[in-house]
Novice: 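Once you've had a glance at the structure underneath, I'll fire off some questions.
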Amino acid sequence: MTPPNDGVRRWLHRLRTAEAFSATQELVVLFLVTSWLLAFGLIPLRIGHLHISRTELGLVGADEPRYAQVAREMLEVHSAECHALHTTVRPRSLAWKDLTASYHCLTAGAITPILYGVPWLEKPALYYWRAMSFFKEFGISDWSARLPSTTATFALILLIYLHMRRFRPGGHLDAALITASCIAMVAFSRGASTDMQLAAPFSIGMLGWYAWYETGKKFWLFDLYFFGGAATLAKGPIAPFMIICILLLFAGLRREWNIVRRTIWLPGVALYLAMVLPWFIAVQLRNPDFYRLFFLQHNLERFATDRYQHHQPIYYYLVVLILGLMPWTVMSLRAMVDSIQISVAEWRVRHNRVRYVGNTRPGDAFPEFLVIWAIFPVLFFTFSGSKLPGYILPAIAPITILTGDYLYRVRQYKLKWWLLGGHAVVVSTMTFVLLLCPQYMIYERFVPAAKTIFWAALWAAVTGAAIYLTVRRWGTKYLRAITLAPVLALLFFLLRMNGWLLDANYSARPLAERIAQEAPDIPTLATYHIRRDMDYGLAFYRNQPLRHYFHEESATEKVNIIAEIPQEQHILVLRERDIPQLSTILAGRLYTPLFLYEWQGLAVYRVSAGTQTANFSEKPSAHNRR
């Protein structure tokens, strides 16, 4: 006869096995879905002759190619100095000479960011360091330049899952996947920029602090100081400023001022200073203008004025939030309202004479903490004179966490028809707009063909109806899956089926490749009045400084640009409508057309060296377009 204890042990073993299996399933789903959302169409992956993923879109905007170029030039300095020292970062021995040589190799090119050979002191160095390491590992390319943001986002999503599973089990997978699938995270995780370098460690550090608040274990404070230091190295003093303000607001509203004193943990402070001060001191010693340029001009002046021409209306970040949280906008706003109501109810209870009997800390502080964390960056940057979408990226994670937690709490109930209907309408609207994007990029008109509108509307309607009917029939637990399905499909549609259109319309990569094919023997390229994003993009893909025919006054130009018509043979890129001006600009020079790049309204010319008889009559022929 089997002893009773053996039966209990077997039952417990089966239970543990089932939990482990469930956790493994969740991790597999999290990894696969997040990898698709963050890396599909970004990281090239091929199995045999089958391309699972290709680099569909080159660097876009002015910041991506500029930051990538800074990392490339820093790596070139690093490699040259290490080669001159005949050493590597890893010392050959423990001899003082080898240790010193390896130290100089380690710091070579890693202190002063440089762009086109001159110091570039706009941002700290975290992104550049990480991009340098990926360049060294995978080679210099647009996709490896984006890996710092992709890997940082992946780490944030994984830690949201683990944190919620540890402290708020139930909605942990929802919170992680909602974070991964909202437009803001998908977009910024694919950018070669500093925005995600701030948002990811900042959010991880804040979650670590709250884990300490709940458990009282100093181990969790390590997260706050370590990742707070990383966030400071990403964008500067804005990271500790926001951390301090959010924690002070939380402590003040809960009247628990002692947590401020207890948060000041000397080992953590030492860790933070050891991470942050060496680079700031070193770069200041090498660049006496660093303090003025970085702290005063690119932080205080950027916030207080519109020096860099990024002025936006007061409601700007409300629009950014609505778009950035899609397709979860309706659910996220409902979760925020619900959490604010919970926080207000807790606040009223705390200020009553009758407190929670037998509890020194009343209620659940997690919703209140997340609400304060979400609202502060939005309100703070609303009053900034310079506004960009990435500034409020640190506010996205707390909202998506609240959304996942809210959906878990209401899972046993049916969602109200207007809430579910609103969610279905938002997802179907997003589907409709994104399905029409390729049509607009090809024809550049706001009213596509009736047939295209019909099919886009039909698919959008089917998507919205499927979401509404599925959740009404089988419950809220299926909301995540039925919402993610169209998001994953739209990503495939935009990148795999129409990625070349995005590349042709918004990146300089196809143009740079075409120029390299048409004129492989001409290294010099100059531009005349083209957009800044194409200017910087061509400079990155050709690995050369910006060259303009004439000096162009712009408050946004912050680097030394070679402003002259080159005397040697060169390539000229200009707007198609500026072609008639060439007869005046290049009087006495021979210039011949190469091709028109109609996707962006640009013309490419070969300009010969020296003073020769000018050819004014030629223009790129029709067969040489695009």
Novice: Examine R72 relative to F540 and say whether NZ or CZ is less than 6.0 Å from the centre of the six-membered ring and inside a 45° cone about the ring axis.
Specialist: yes
Novice: Run the numbers on Y506 and D533 for side chain to side chain donor-acceptor pair (under 3.5 Å), then give the verdict.
Specialist: CA-CA 8 Å; Y506 302 113; D533 57 335; over 6 Å; no
Novice: For residues 80-90, which residue pairs qualify under salt bridge (charged side-chain N to carboxylate O under 4.0 Å, His left out), counting only residues two or more places apart or in two chains?
Specialist: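 Pairs touching residues 80-90 that pass the test: none.
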Novice: Are F135 and H78 near enough that their ring centres are under 6.0 Å apart?
Specialist: no
Novice: Counting only N and O atoms by type, is there a donor-acceptor contact under 3.5 Å from the side chain of S149 to the main-chain atoms of M196?
Specialist: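 Pair absent, no side-chain N/O of S149 close to backbone of M196.
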Novice: Just say parallel, tilted or perpendicular for the rings of W500 and W599, cut-offs at 30° and 60°.
Specialist: perpendicular
Novice: Would you call the rings of W279 and F290 parallel, tilted or perpendicular if under 30° counts as parallel and over 60° as perpendicular?
Specialist: perpendicular
Novice: Check this for me: does any side-chain nitrogen of one of R532 and D535 sit under 4.0 Å from a carboxylate oxygen of the other?
Specialist: no
Novice: Is a donor from one side chain sitting under 3.5 angstrom from an acceptor on the other, for N543 and Q69?
Specialist: yes
Novice: Does S141 form a side chain to side chain donor-acceptor pair (under 3.5 Å) with S144? I'd like the steps, not just the answer.
Specialist: CA-CA 5 Å; S141 65; S144 58; 2.9 Å; yes
Novice: Going by the rule side chain to side chain donor-acceptor pair (under 3.5 Å), which residues pair with Y317 if we only count those two or more places apart in sequence or in a different chain?
Specialist: none
Novice: Check the pair T151 / R130 against side chain to side chain donor-acceptor pair (under 3.5 Å), numbers first and verdict last.
Specialist: CA-CA 10 Å; T151 52; R130 301 194 66 220; 2.7 Å; yes
Novice: With sequence neighbours left out, write down each residue that passes side chain to side chain donor-acceptor pair (under 3.5 Å) with T34, or none if nothing qualifies.
Specialist: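 T34: no side chain to side chain donor-acceptor pair (under 3.5 Å) contacts found.
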Novice: Determine, stepwise, if the pair Q600 / R531 fulfils side chain to side chain donor-acceptor pair (under 3.5 Å).
Specialist: CA-CA 10 Å; Q600 300 194 37; R531 297 198 319 264; 2.9 Å; yes
Novice: Going by an N to O cut-off under 4.0 Å, is there a salt bridge joining R146 and E64?
Specialist: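 Judged by the 4.0 Å cut-off on N to carboxylate O distance, R146 and E64 do form a salt bridge.
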Novice: Looking only at side-chain N and O atoms, does S608 offer a donor or acceptor that is under 3.5 Å from a partner on Q569?
Specialist: no
Novice: Students often mix this up, so state it plainly: with edges at 30° and 60°, are the rings of F40 and W36 parallel, tilted or perpendicular?
Specialist: parallel
Novice: Could you tell me whether the side chain of S53 and the main chain of I43 form a donor-acceptor pair under 3.5 Å?
Specialist: yes
Novice: Would a line drawn from the ring center of F138 to the ring center of W143 be shorter than 6.0 Å?
Specialist: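 For F138 and W143, the ring centres are under 6.0 Å apart.
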